[in-house]
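Report on the following structure.
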Amino acid sequence: MAVERVDPELVEFDVRTDEMLINMGPQHPSTHGVLRLVLRTDGEVVSSVVPHIGYLHRCAEKIGENVSPRQWIPYTDRMDYLAGMNMNLGWAMTVEKLMGLEVSEKTRHVRVMVCELNRIASHLVAAGTYGLDLGSFTPFLYCFREREKILNLFEAVCGARLTYSYIVPGGLIADLPPGWLEACERCLSELEAVVPELHAVLTSNEIFIRRTAGVGVLSPEMAIDYGCSGPVLRGSGVKWDLRRDGQPSVAGMYEDYRFEVIAQAGGSYPRDQEYPPVPPAAVLGDCWHRFYVRMLEVVQSIGLVRQAMEKYRRSADAVSEPIKITQKLPRGEAYLETEAPKGQMGFLVIGDGTAIPWRVRARSSSFCNLSVLPEISRGCLLADIPAILGSLDIVLGEIDR
Amino acid sequence: MRERMIAEYLTTRYGLPGWLAYGGVALVQCLILLGIMMFAAALFTWMERKVAGRIQDRLGPTRVGGRFGWLQSVADGIKLLAKEDLIPKEADAVLFRLAPYISFCAAFCVYLVLPFSNGWVAQHLNVGVFFIVAVAGLEVFGVILGGYSSGSKWSLYGAMREAAQVVSYEVPLGLCVVIPVMVAGTLDLVAIGNMQRGWGVNWLVFHNPFLFITFFIYALCTVASTNRAPFDLAEAESELVAGFLTEYSGFRWSVFFMAEYGSMYAMSGLGSILFLGGWHGPIPVAEMLGLTYANHAVLGWLGDLLGACNFLFKAFLGVASMMWLRWTLPRLRIDQVMTTCLKYCVPLAAAMFVGTMLWTYALPGGLLPRSTPMGAVAEAPPWTAPRAARGE
């Protein structure tokens with residue numbers, strides 16, 4: 001049964017109990033890092049949520065204005081630490097845009113491969129921790145087990161399991177090691193077998209549907225107004241994906257790839273394989289849809305990695321060499337947004353003719369996605385707060401930078 | 001009976017004063033039960049870890065801790081005892097200390113009247129079922145006190161949820177308990193268990209379709225009233241940090257923990273007596289082998305021992321399925337928990353009550369013909385007798 005979401009003002013006047021101000025976080029198991037939410041609650045009903053951020057601020061942008069673009073790559077790893085490859089890619093492509101560099105075909109396909117793998121890994125963490133937020137511990141471990149396999153692949157590529165620094169301005173630090181593609185294919189086929197399991201324990205689980213369907217509904221208009229992006233935006237039914245709609249260099253990266261933007265438009269999701277059906281209780285833009293979009297993107301990314309592997313095998317050129325650490329940047333400004341797993345990750349770089357950028361800024365998708373939380377969780381129950389927050393899939397490293 | 005015999009033997013043979021003999025015997029009984037409960041808690045911690053490890057495909061719990069991981073439970077115990085005993089400054093120290101023991105006592109008292117086999121019971125009460133339902137409900141007081149006295153908002157939330165949830169689930173649970181009692185015509189747990197002697201079809205769960213459904217409602221309510229996932233709202237770690245347990249650490253925490261496992265086992269045991277034949281297995285092995293008091297006292301005792309194993313195994317299965325549920329399902333929301341209780345469980349249990357009432361009026365013998373083990377003379381339970389013979 002869906003709880004009637006009453007106006008908070010009404011709650012205050014109807015049920016004359018004392019309101020309680022309660023701090024959720026920064027040391028709370030389900031705030032996904034050091035986020036602090038100040039909840040105003042009336043019994044179990046939450047009348048207002050105020051997020052407080054900044055506990056993980058590490059001055060990353062300022063550091064970026066004191067080191068050269070290649071030296072800043074490790075700092076981008078630590079923004080969305082669950083998708084280091086995508087963070088590297090965003091920064092690398094921004095610098096390439098400023099410098100007017102082109103990368104080789106082979107480099108492009110490797111980038112697609114590792115970025116899509118990292119998208120899978122990030123979405124697996126999102127799905128697993130979402131189960132955890134709803135009190136189901138087991139899917140978390142299933143997801144992490146699969147993620148480990150992807151991390152093993154990354155370890156073979158660049159020696160790191162979390163902070164890769166693999167994609168750098170100009171190219172890649174190394175080509176794929178021998179035998180990697182076979183290992184990758186094995187990992188993908190194992191992963192494909194696990195996705196139905198996750199659908200069984202989460203997506204189509206009756207309790208899961210009851211906990212998420214119709215909860216935290218984000219209308220498409222509101223999503224656009226707040227600058228939401230990624231699965232949060234697509235979960236509201238907006239067909240917008242920078243891999244298709246981005247700037248020429250971003251969309252160009254995927255130009256010869258076959259994929260559809262996963263969002264419900266015209267009443268249905270793109271169906272290229274079997275997915276569990278959308279339950280009747282689900283409302284477009286609710287937690288269930290956001291979760292569903294992520295699960296579908298996992299399968300889609302598996303296909304994209306396969307395509308990239310095929311293209312990589314066929315491409316004859318070598319991977320591009322990265323720029324030198326002391327490489328001078330041209331005068332000018334470049335801003336580029338890429339489609340990271342959590343949404344649009346934007347980087348701004350302004351060069352002044354030296355090797356060190358004059359200005360570096362980052363635009364975080366999680367920041368915008370988090371900003372809708374007070375809106376969509378007004379009047380919900382206390383137990384819905386982790387459910388809504390988990391469905392937004394934020395990473396505090398990216399919000400605070 | 002046996003304890004009275006022993007006590008009388010002590011007074012007559014050694015001239016002990018009556019209060020000492022009886023008190024001593026009672027103390028020994030309590031210690032045995034306490035031992036069983038402690039052992040059960042340790043065993044279930046181990047089992048929980050193993051079950052979770054297998055379900056979740058984890059490497060740690062399926063590998064470490066000596067042979068079969070038995071050392072892990074020992075290490076757990078030592079760790080809990082060695083932990084700092086923290087009482088928050090804001091807490092009401094007296095109530096905070098008192099709370100775990102109230103929960104524990106409530107869970108423990110259930111064992112006083114819970115028969116483990118035919119007549120193997122610390123205190124044979126003729127209102128045993130009533131006593132268990134009454135005492136098991138007291139566990140919630142410890143939780144409420146603990147949450148209230150912790151001086152933490154999260155604990156308070158946990159306590160309030162527990163109060164709302166457990167108190168409301170006592171209603172359908174009580175209804176479910178009454179139904180088999182109504183069929184058996186007694187509140188005496190030993191008598192109810194003995195009535196289900198014979199083949200598995202004699203179990204009350206197979207007595208009629210209503211009782212069969214009642215069993216599942218009972219199982220659901222048991223999970224809810226013992227605060228296990230998916231109804232573990234009082235400690236809901238992703239919402240309330242740890243609910244009423246937030247401020248507890250070390251020994252006091254482990255006492256709450258033992259109370260939880262103790263009551264899980266007790267409620268499973270109660271269910272197995274009320275529905276699943278208690279200490280009678282699906283195949284009456286003991287009677288087929290002639291392990292009855294009619295043949296020899298020792299043989300009869302062996303038969304009872306076999307029955308105790310039967311009973312423990314059934315209760316064990318109940319706990320195992322609770323663990324299975326816990327590691328499979330997400331948690332319900334508080335309003336959904338209350339909906340399940342008030343909108344589904346209570347009316348359904350009430351309907352089953354009426355259904356069983358009509359059934360026992362029309363077909364007192366039950367659904368299936370009562371089967372007796374080969375060669376053994378089973379005394380007919382009261383519900384199979386013609387109405388006239390029952391003096392109605």
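Throughout, a chain's letter reflects where its sequence line sits, starting with A, and its residues are numbered from 1. Quick caveat: nothing in here was measured; it's all calculated off a predicted structure.
The aromatic rings of B:Phe212 and B:Phe216 sit perpendicular to each other, their planes meeting at more than 60°, with 30° as the lower class boundary.
Using modelled atom types, one finds a donor on one side chain and an acceptor on the other under 3.5 Å when comparing B:Glu48 with B:Trp327.
Ranking B:Lys153, B:Arg326, B:Met160 against chain A, the residue ahead of the rest is B:Lys153, based on heavy-atom pairs under 4.5 Å. Ranked by non-hydrogen atom pairs under 4.5 Å with chain B, the options A:Ala387, A:Gly131, A:Ser136 are led by A:Ser136. Among A:Arg145, A:Gln27, A:His28, the residue with the largest count of heavy-atom pairs under 4.5 Å with chain B is A:His28.
A centroid separation of less than 6.0 Å is found between the aromatic rings of B:Phe231 and B:Tyr169.
Contacts between A:Leu134 and chain B at a heavy-atom distance below 4.5 Å involve backbone atoms as well as side-chain atoms. When heavy atoms are compared at a cutoff of 4.5 Å, B:Leu332 approaches chain A by way of both its backbone and its side chain.
Note that the NE2 atom of A:His289 and the CG atom of A:Leu296 stand 10.5 Å from one another [nearest 0.5 Å].
Considering only heavy atoms from C-beta on, B:Arg252 stays 4.5 Å or farther from B:Leu86 through its side chain.
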